[in-house]
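Below you'll find the structure, written out as structure tokens, and then a few comments.
Values below: every heavy atom of this structure, side chains too, minus hydrogens, waters and symmetry copies. Naming convention: chains lettered A, B, ... in sequence-line order (proteins, then strands); numbering from 1 in each chain.
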There are 2 protein chains.
Amino acid sequence: MRCVMVQIPKTPAPALPAPRSVPTSADVARLAGVSRATVSYVLNNTSAVRISEPTRRRVHEAAKELGYVPHAAARSLRAGHSRMVLMPTPSFAAGPLYSRFLRDLQLALGRLDYTVVQHGGVGLHGDEAARAWAELRPVAVLVSGSGLGPKGVTVLKRSGARAVVTLGPDSVEGAHTLLMDFEAVGHCAGSHLYQRGRRRIGVVLPEEDNLEAFSTPRLEGVRRALHGTDATVTTLPLAYTEESAARLAARWRDLGLDAVFAYNDEYAMLLMRALQDEGVDVPAETAVMGADDLMLGRLLRPRLSTVHIELPSSRDLAELVDRAVRDPGAAPATHRVLGATVVHRESS
Amino acid sequence: MRCVMVQIPKTPAPALPAPRSVPTSADVARLAGVSRATVSYVLNNTSAVRISEPTRRRVHEAAKELGYVPHAAARSLRAGHSRMVLMPTPSFAAGPLYSRFLRDLQLALGRLDYTVVQHGGVGLHGDEAARAWAELRPVAVLVSGSGLGPKGVTVLKRSGARAVVTLGPDSVEGAHTLLMDFEAVGHCAGSHLYQRGRRRIGVVLPEEDNLEAFSTPRLEGVRRALHGTDATVTTLPLAYTEESAARLAARWRDLGLDAVFAYNDEYAMLLMRALQDEGVDVPAETAVMGADDLMLGRLLRPRLSTVHIELPSSRDLAELVDRAVRDPGAAPATHRVLGATVVHRESS
DNA sequence: TTGAAAGCGATACCAC
DNA sequence: GTGGTATCGCTTTCAA
């Protein structure tokens, strides 16, 4: 059933008022009948200088009348620094958990009076990207995921970034690292499944791009949990499509697995559904585990067992960035962050 | 089961090389033994000027040796314009559909050689936000959702933005508007349910913040579809929690509804599960419809009927922005975008 | 082919 | 209290 899809071409032009050029502080000064210096003092509330009340008013009125907005680039050029925190848009498709985290982080940094800017550096390779970010002369750079090498860190620092923080599965030389230990996630899942008596364990590896950095450590974690036991690990490439899941499910009995750790809750849901459609009983025949502890897992039947991932508090992280900015000399530290907790429900 | 959560304090400091100040084109010129002008010519491949090959090489080498990165602010200050497209981070939590769309858009604009920057203007009120964006002097601003008024548009244009494009449920005076007609979504859902013989129709309104701009038009669309018929519309506030859904489900039979349009697939899944737990038969007793056509709807049982929403092609949108930038005089147009199509599955 | 210098917009020091 | 003015880093015109 097709509903609506219209294209309205144009509305008639309401003759624009002459496209004045953008007002500068000089314009404000002219209109207020004072010097540019005075304008600057008034608008920045410079406390070192006392300006008479009438003058203040005149300046403020002139500024408002012209619709004056200061020019951030000019200001930071003069000042020699900005308060811009640059967060490159991650190259992987962030799930709901991560998106939310990034939003909170922006908020927390905003509260510390930083201007947070996400730079869509998609399509740039490694060091090229770092260069593009460096051109903006951010006071701090916060990179999620892999994709920044030690070379990039150097470029950024050389160009004035007082803090470079990476947030991801790998530690990067020269940068403060928030090491998201995804192995712990896999380890949790692996030991849980083992404790539940499972021995032939599958691990889903998403075929989607840019996810290896996250999926490989999870796999390694499972391997580590099972190392030295009689359990086996089988890798299961899976694309996020029904067809791919159906194909995998069709050969499930041949695989002879009694458990699967499905990367995260979304892939788990996809696979669990395909297994059920194939007549595989979950959890009797095969246990299924996800990760991320999304709402959807609670809504499935059987309820999905999962690994709850606790991301670092955005307030703490914001403060870490702030500290690093204030004391750029400090040695880059590596913090291991990520709480991983098994949430045992019904699917395992 | 608690697993891992460690905090490694510090790694020892590998004595940093003297924190040199950041190299400028003047430094490059000095090192290469040429003037700053020459450096600029070489590094920008200025075709109007021929520079001897040996000089070029010297400049390039000097630049590389110093790790020189040009200063974007200084450059655009001088040039009088930048190619920055500013996209304020939406105040609402973008779902997977929308996130993906924004990513694609960034990519498409990047291909047209724009620098896309998401500005985390969270916590700023209306015109205050517009001012903050204007300080960055973007060549274009692309605002999703509501939150930008005609006043804000004026501020942005006054400060040099050659294109202001809004993308959301409302049309904004003075800006190019991509009108996302969410009424059409509600209308689709409403007429579909009516055609299926449903007469007492509930409409879920999320209680989460900043979603009214999206939920109200959907509701209106349902109302419009049912106007002049014998069907009734009941609004159902619902928070995205199991408890809220359970509460709603508990009084379901009292409500006496035979269908519900649940805002989107995620709320639909939440509610459908609660209804099923309450013993309400879907679709026999109550039909459930979502929107967004997410993967998860196909995985539910019964399969979720939904409204497929077709967002504008990111390439088209990028080109629209580009055209608006090239011809800022053109009258702001309003395009009605959004394909809404019913996907009839099993839940209705 | 290269260099000197003006100027983009805002700020802060130093005179008046 | 207020006004000149040098300065931030870069581009570009004009001269040499």
Side-chain angles (χ1 to χ4, degrees), chain A residues 21-59 62-63 66-84 134-139 158-160, chain B residues 20-59 62-63 66-84 131 134-139 158-160:
Chain A
S21 70
V22 352
T24 74
S25 75
D27 296 321
V28 177
R30 217 162 4 246
L31 182 56
V34 298
S35 77
R36 289 154 63 219
T38 307
V39 171
S40 179
Y41 292 141
V42 171
L43 295 180
N44 294 305
N45 263 314
T46 310
S47 49
V49 172
R50 301 248 73 90
I51 303 279
S52 69
E53 206 41 56
T55 307
R56 302 185 89 79
R57 248 210 322 284
R58 284 220 312 287
V59 170
L66 293 177
Y68 170 72
V69 174
H71 192 305
R75 170 182 294 170
S76 62
L77 176 58
R78 173 62 232 234
H81 61 251
S82 71
R83 292 196 53 87
M84 188 203 306
E135 292 194 356
L136 300 179
R137 296 289 192 274
V139 68
R158 259 236 221 308
S159 60
Chain B
R20 272 164 313 198
S21 68
V22 351
T24 72
S25 74
D27 296 321
V28 177
R30 219 165 1 249
L31 182 57
V34 299
S35 77
R36 291 155 60 219
T38 308
V39 171
S40 179
Y41 292 142
V42 172
L43 264 30
N44 294 306
N45 262 317
T46 309
S47 49
V49 170
R50 301 248 74 89
I51 304 281
S52 69
E53 205 42 56
T55 307
R56 301 184 88 80
R57 248 211 320 285
R58 284 220 312 288
V59 170
L66 293 176
Y68 170 73
V69 174
H71 192 305
R75 169 181 293 169
S76 61
L77 179 58
R78 171 64 227 231
H81 61 251
S82 71
R83 291 193 58 85
M84 188 203 308
R131 241 188 82 100
E135 291 194 358
L136 299 178
R137 297 288 192 275
V139 68
R158 259 238 220 309
S159 60

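- Residue A:Y68 places at least one side-chain N or O closer than 4.0 Å to OP1 or OP2 of C:dA10.
- Listed nucleotides D:dA6, D:dG9, C:dT2 differ in distance to B:V49; the shortest reach to its side chain belongs to C:dT2.
- Across all strands shown, B:V34 has heavy atoms under 4.0 Å from sugar-phosphate atoms exclusively, and none from any base.
- In this structure, A:T38 and A:V42 have side chains that are in contact, with non-hydrogen atoms separated by less than 4.5 Å.
- When the side-chain nitrogen and oxygen atoms of B:S25 are compared with OP1 and OP2 of D:dC10, one or more of them lie within a distance under 4.0 Å.
- Taking only side-chain atoms of B:A37, from C-beta outward, the nucleotide of D:dG9, D:dT12, C:dA10 with the closest atom is D:dT12.
- B:R137 has its CZ atom 14 Å from the P atom of C:dC8, to the nearest Å.
- Side-chain atoms of B:R75 never come within 3.5 Å of backbone atoms of B:S82 as a donor-acceptor pair (strictly under, hydrogens ignored).
- B:L77 has its side chain within reach of A:H71: a pair of non-hydrogen atoms, C-beta onward, lies under 4.5 Å apart.
- Remark: A:S76 is not in phosphate contact with C:dA10, judged by side-chain N or O atoms under 4.0 Å from OP1 or OP2.
- The nearest heavy atom of DNA chain C to B:I51 and to B:G80 marks one nucleotide each, and the one closer to the 5' end goes with B:I51.
- Annotation: of the two residues near DNA chain D, A:A79 and B:T46, the 5′-most nearest-nucleotide partner is A:A79.
- Across all strands, B:T55 comes closer than 4.0 Å only to sugar-phosphate atoms, never to a base (heavy-atom distances).
- Rounding to whole angstrom units, CZ of residue A:R36 and P of D:dG3 are separated by 12 Å.
- In the set D:dG3, D:dG9, D:dG1, D:dG3 carries the atom at the smallest distance from any side-chain atom of A:Y41.
- As rounded to whole Å, 14 Å separates atom C1' of C:dG3 from atom CZ of B:R58.
- At whole-Å resolution of the value, CG in B:L77 and P in D:dT7 are 17 Å apart.
- Rounding to whole angstrom units, CG of residue A:L66 and P of C:dA10 are separated by 12 Å.
- Between A:S40 and C:dA10 there is no side-chain polar atom (N or O) within less than 4.0 angstrom of OP1 or OP2.
- A:V69 places a side-chain heavy atom less than 4.5 Å from the side chain of B:R137.
- Within 4.0 Å of A:R75, counting heavy atoms only, lie sugar-phosphate atoms of the nucleic acid but no base atom.
- D:dG9 atom P lies 16 Å from atom CG of B:L43, rounded to whole Å.
- Side-chain N/O atoms of A:N44 include none lying less than 4.0 angstrom from OP1 or OP2 on C:dA10.
- Checked by atom type and distance alone, the side chain of A:R36 never pairs as donor or acceptor with a backbone atom of A:A26 at under 3.5 Å.
- Side-chain N/O atoms of B:T24 include none lying less than 4.0 angstrom from OP1 or OP2 on D:dG9.
- Across the protein-nucleic acid pair, B:D27 atom CG and D:dC8 atom P stand 11 Å apart, rounded to whole Å.
- The closest donor-acceptor contact from the side chain of B:R158 to the backbone of A:P23 lies at 3.5 Å or more, if one exists at all.
- If you take CZ of B:R57 and C1' of C:dT1, they are 16 Å apart, rounded to a whole angstrom.
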